[in-house]
Amino acid sequence: MMKKLLLFVLDGLGDRPNPMLNGETPLQAAYRPNLNALVSSGLGGLMYPVRKGLVCGSDTSHLSLLGYDPEAVYTGRGPFEAMGLGIIAEPGDIAFRANFATRSREGIIVDRRAGRDIPESGSLSKKISFTMKGTQFIVREGVEHRAALVVRGKGLSPEISDSDPHEQGRPAMKVKPLSNDAEHTADILNEYLDRIRDILDTSPENMDRESRGKPPANELLLRGAGITPRLEPFNKRYGLNGACLAGIPLITGIGNLAGLHLLKHPGATGRVDTDYRGKVREAVRALDVHDFVLVNIKAPDIAGHDGDPLLKRDVIEKIDDAMGQVIGISDDTVICVTGDHSTPCTTKEHSGDPVPILFSGNGMRRNGVRHFDEVSCGYSGFDLLSGDVMTMMLQLSDKLEKYGA
Ligand code: ZN
Ligand code: ZN
């Protein structure tokens with residue numbers, strides 16, 4: 001019987017001692033009988049995302065967890081920013097991070113953020129998304145003035161300069177080719193930017209903003225061009241039919257690039273009110289038809305960014321409760337639970353602290369860890385890098401071929 005692989009990534013799980021929790025981490029403070037049972041029946045340790053001490057984003061860490069070397073395939077934030085905003089980027093797409101900005105009549109960028117508050121950014125984004133000369137331009141709005149632009153077409157190169165002057169009081173820059181094969185890309189982008197300046201200048205949204213004394217969002221500043229990487233398909237690399245269940249589009253986008261089957265669960269919201277039990281149930285059910293399932297649960301990261309240790313403890317308790325459903329399936333499944341990075345409530349940002357990891361399954365060795373948390377898992381002395389997780393899971397499921405004779 002082939003063992004199945006189930007990988008839970010609790011986003012931003014790792015934390016630091018918190019004064020509001022008597023010096024414990026949210027994970028230590030949480031009532032977590034199921035996570036403790038899982039680690040007790042297997043291995044507990046610490047995992048460093050990508051490299052020891054590196055402060056990782058969710059994108060680089062998830063790529064690495066799936067066994068892709070981010071240093072080889074991560075070509076800039078643009079494509080991942082776009083995926084995070086819900087554009088399913090395809091390999092070869094050029095993507096930018098973008099800002100709505102305010103340009104004066106003289107063509108000077110007078111506000112790089114167009115006053116930050118742009119409720120019209122969604123409708124403006126739709127108006128400046130179109131196909132021109134066989135090249136498709138897709139804009140998606142983000143928080144406040146932020147947006148992403150994806151350019152899809154033939155013969156495109158990411159080797160072009162920013163249009164963002166990176167400071168106010170100067171005009172937007174012409175996009176310049178930085179290599180010989182990027183001329184077409186620079187030309188078509190400059191033409192696109194000219195075209196959308198007209199559209200933005202004359203849009204009812206901006207007329208209305210101006211009439212209310214608000215700075216018009218009449219310029220789209222582009223920076224950080226990157227090409228969406230082509231990843232070796234997961235099923236080819238591992239011989240496993242894989243699936244991905246995530247509530248946030250960034251992770252769904254990465255799953256899509258890896259060729260994972262994208263599972264949908266209507267209750268998976270990517271927020272703290274997500275349907276934890278339903279999501280775990282859906283993942284377990286997906287193992288009937290898939291060999292590998294990646295589940296991302298975003299909530300701990302959100303609580304970490306909010307600097308709310310009580311909320312983080314509470315969402316971990318909900319996750320633990322939902323995990324009760326996987327206790328019984330470890331006979332024919334290798335289960336791994338970890339985080340993609342730490343998001344300490346004390347700093348409200350990602351940190352380079354390692355995250356706890358557990359492997360659980362029938363017939364596995366145990367290493368004596370009884371509690372699933374940053375400290376208890378550290379005592380075992382077992383540590384690994386995120387890039388080793390797939391190898392570990394394959395080994396524990398007896399799927400690895402022998403290295404040597
Ligand atoms: Zn993350
Ligand atoms: Zn985060």
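One-based numbering, in listed order, for ligands and for the atoms of each.
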What's the atom name of the N, O or S in Asp340 nearest to the Zn ion (ligand 1)?
OD2

Can you confirm if the aromatic rings of Tyr74 and Tyr68 lie within a centre distance of less than 6.0 Å?
no

Of Val337, Leu294, Val334, Thr333, the residue whose pairing with Leu6 passes side-chain contact (heavy atoms from CB on, under 4.5 Å)
Thr333

Does any donor atom in the side chain of Asp11 or Asn296 lie under 3.5 Å from an acceptor atom in the other side chain?
yes

How about Tyr48 and Asp383: does a side-chain donor come under 3.5 Å of a side-chain acceptor?
no

Pair Asp164, Arg112 - check salt bridge (Lys or Arg N to Asp or Glu O under 4.0 Å), show working.
CA-CA 9 Å; Asp164 190 339; Arg112 280 187 70 245; 2.6 Å; yes

Protein N, O or S within less than 2.8 Å of the Zn ion (ligand 2), waters excluded:
Asp301 OD1, Asp301 OD2, His305 NE2, His350 NE2

Is it true that, when you exclude Arg365 itself, more than 12 heavy atoms of the residues, nucleotides or ligands shown sit nearer than 6.0 Å to its CZ?
no

